[in-house]
Amino acid sequence: MSSSHIAVLLKESRHYKPSAFFQKKAHIRGLGALKAMMRRAAKNPERFWADAAQQLEWIKPWKRVLDWQPPFARWFVGGKLNVSVNCLDRHLSGPRRNKAAIIWEGEPGEVRTLTYQQLYYEVCRFANALKSLGVDKGDCVALYMPMVPEAAVAMLACARIGAVHNVVFAGFSAEALGDRINDAQARFVVTADGSYRRGAVLKLKSAVDEALKSCPTVQKVVVLRRAANEVSWTDGRDVWWHDAVANVPGECHPESLDSEHPLFILYTSGSTGKPKGVLHTTGGYLTQVALTAKWVFDLQEEDIFWCTADVGWVTGHSYVVYGPLANGATTFLYEGGPLHPEPDRLWSIVERHRVNVFYTAPTAIRTFMRMGEEWPRRHDLSSLRLLGTVGESINPEAWMWYQRVIGGGRCPIVDTWWQTETGAIMITPLPGATVTKPGSATMPFPGISADVVDKHGKSVPPGSGGFLVITKPWPAMLRTLYGDPKRYEAQYFSQIRGNYFTGDGARKDKDGYFWLLGRIDDVVNVSGHRLSTMEIESALVSHPAVAEAAVVGRPDEIHGQAIAAFVTLVGKRSPSPELKEELRLHVAKAIGSIAKPAEIRFSASLPKTRSGKIMRRLLREVASGKQVQGDVTTLEDFSVIAKLQSQEE
Ligand code: ATP
Ligand code: MG
């Protein structure tokens, strides 16, 4: 972390008010109401969060809202509750009992619906099965599961008995799975024979077998039959899911758990290096996840909410499973590839299931832009009333495309900033209240204190770029890095005194809106000007030929660093030297000649994490002609790097 100042180049003046139609039913209506609530919450955040926690069902009330011994927080101290009771049992006494909790579509096309009553039954049975296999309160259970209802069932079953789940994304290799099982000391693994992905079967059980060769802690493996592919079997260790639940009762008494009882460990996606085991606990996590799900996605009783994230990411934990179910909402799950069998699969799902609220990642939106408007145009998307994004900054042009083509110009967009570590949404519009600006995550959620500061922790003036920090503890914050409190402190609380350091750059504009500038590590330094990669990328994406861009700095004798841009073109355009020059001039014109790339390389794809984020760390090495080093286990497709390296400038 050298200097904190980041130059700001991007100018964006478009803004959108929520429509009167949307506002009519919204939970939070109008800017006045939101501002008043933000002020109240800022004055007394503990009272605000205590009110939110009251919406949950507690077995025993807490004695103290917050115990803050920096950098360690405990929320709702002394309180006892159970997450699965909050997501299931309490919806069974009224009309929600027979409402769809989960609607699922498999990649081959089959559809299943689980009502709250049915989900409760499945969760209780699986919880009993886990117990009879020897899972105790506090044990860690690794889940390596396809996107099927049983993934949610397994998570909720763990929560019911106080076991700690560690979901590992099913696209990760055996090696990455083994690392995570060992780091979390998991004694149990739940998986499936296979899963459908892009028309093929992903063999999950064989990856588990491979991983377990080096995982001495694991005693039992539960295997769901999903794809009916052949599996090898280790007697005494492996158990079929259907056998495990065959003779157990359909009721399972929920454990009364301390508010600070661990709920899950989740390893971050690793855009920046060695994965970290983020630990989340019970009461504070559920409080913030439930409230943000309700207000940010404006969940209404009759909505179908579809968050496209995999359960392997924090977004899948908080907004596929816990947030919607805590609100008694209907959550939609899809198993397979978004472009299978054709690039309109998601839009076909929206049309057939009448999805109302849709939450996805910028990487998906850029892919759809590249594929062309004709795919969504084939479908009736009129059921959609609200759209969301998370994962990276959304380039203003991608935001506009999302609003126009998917939202039909009618749906508000919530650009939500948060992290695995924050557990829940932190900076976001509230769709019935906030005036949105394309590319801005707008303002902190009520009760959240965020700021943009220099390296001494001093607020920078409006319009300047700096470090994004969270200045006060929040209920869903990570409690530690599993087994490594020193790294927790060093990583998050030692860089800027008294603050949680997010690792991201940002600026606040004169209206107090936050604009995320990308990761601090990615900032490019050209002749002493610190430039945000995100702004240069957005300038490139605003050219009609460009679908996606990644910008990095490479060493340069004269300027310190020079800007190298990797560019993916829209379907109809092809690379040419003239286009390179045109793009360089386009950037210069859009945001200034200081940001003009020294080098542009066209590429059919960019290296991404398995959660779809551009890995600039690797592109930096490619751009400087070095061999790519460091952890690449979270990289989606190594051949992308090989192709880029073999490409001559
Ligand atoms: P690692 O920390 O291991 O490198 P990661 O940061 O990609 O992985 P996540 O916790 O999934 O793992 O991602 C959080 C990060 O994603 C944020 O710190 C930020 O950089 C980016 N991000 C998420 N949402 C937004 C958003 N709405 N706008 C801008 N950036 C976002
Ligand atoms: Mg991170």
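Order of listing sets the numbers, starting from 1, for every ligand and every atom in it.
- Residue contacts with ligand 1, taken as heavy atom pairs separated by less than 4.0 Å, involve Trp418 solely via the backbone atoms N, CA, C and O.
- Taking a 4.0 Å cut-off on heavy atoms, Gly391 registers as neighbouring ligand 1.
- By heavy-atom distance, the residue among Thr428, Ile425, Asp504 lying nearest atom 20 (O) of ligand 1 is Asp504.
- When only interatomic distances are considered, the shortest N/O to N/O separation between Thr389 and ligand 1 does not fall below 3.5 Å.
- Some N or O of Thr268 is nearer than 3.5 Å to an N or O of ligand 1, by distance alone.
- Here the shortest heavy-atom distance to atom 27 (N) of ligand 1, taken over Ile394, Asp415, Asp521, belongs to Asp415.
- At least one heavy atom of Lys276 sits closer than 4.0 Å to an atom of ligand 1.
- Residue-ligand proximity, Val390 to ligand 1, at heavy-atom distances under 4.0 Å covers atoms 24 (N).
- Using bins of under 30°, 30° to 60° and over 60° for the plane-to-plane angle, the ring pair Tyr359/Tyr319 lands in the perpendicular bin.
- Contacts between Ser393 and ligand 1, counted as non-hydrogen atom pairs separated by less than 4.0 Å, involve both the backbone and the side chain.
- When all heavy atoms of Asp522 and Arg620 are compared, the pair lying nearest together is OD1-NH1, 3.0 Å.
- Formation of a donor-acceptor pair under 3.5 Å by the Trp49 side chain with backbone atoms of Gly447 is found in this model.
- Judged by distance alone, the side chains of Ser538 and Glu397 never bring a donor and an acceptor atom under 3.5 Å apart.
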Test salt bridge (Lys or Arg N to Asp or Glu O under 4.0 Å) applied to Lys613 and Glu392, step by step: CA-CA 7 Å; Lys613 300 183 196 200; Glu392 295 176 286; over 6 Å; no
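- Looking at heavy atoms from C-beta onward, Thr428 lies out of side-chain contact with Asp415 at the 4.5 angstrom threshold.
- No option in Thr502, Val314, Ile448, Ile427 other than Val314 meets the side-chain contact (heavy atoms from CB on, under 4.5 Å) test with Trp418.
- Across Glu421, Arg519, Lys613, heavy-atom proximity to atom 6 (O) of ligand 1 is greatest for Arg519.
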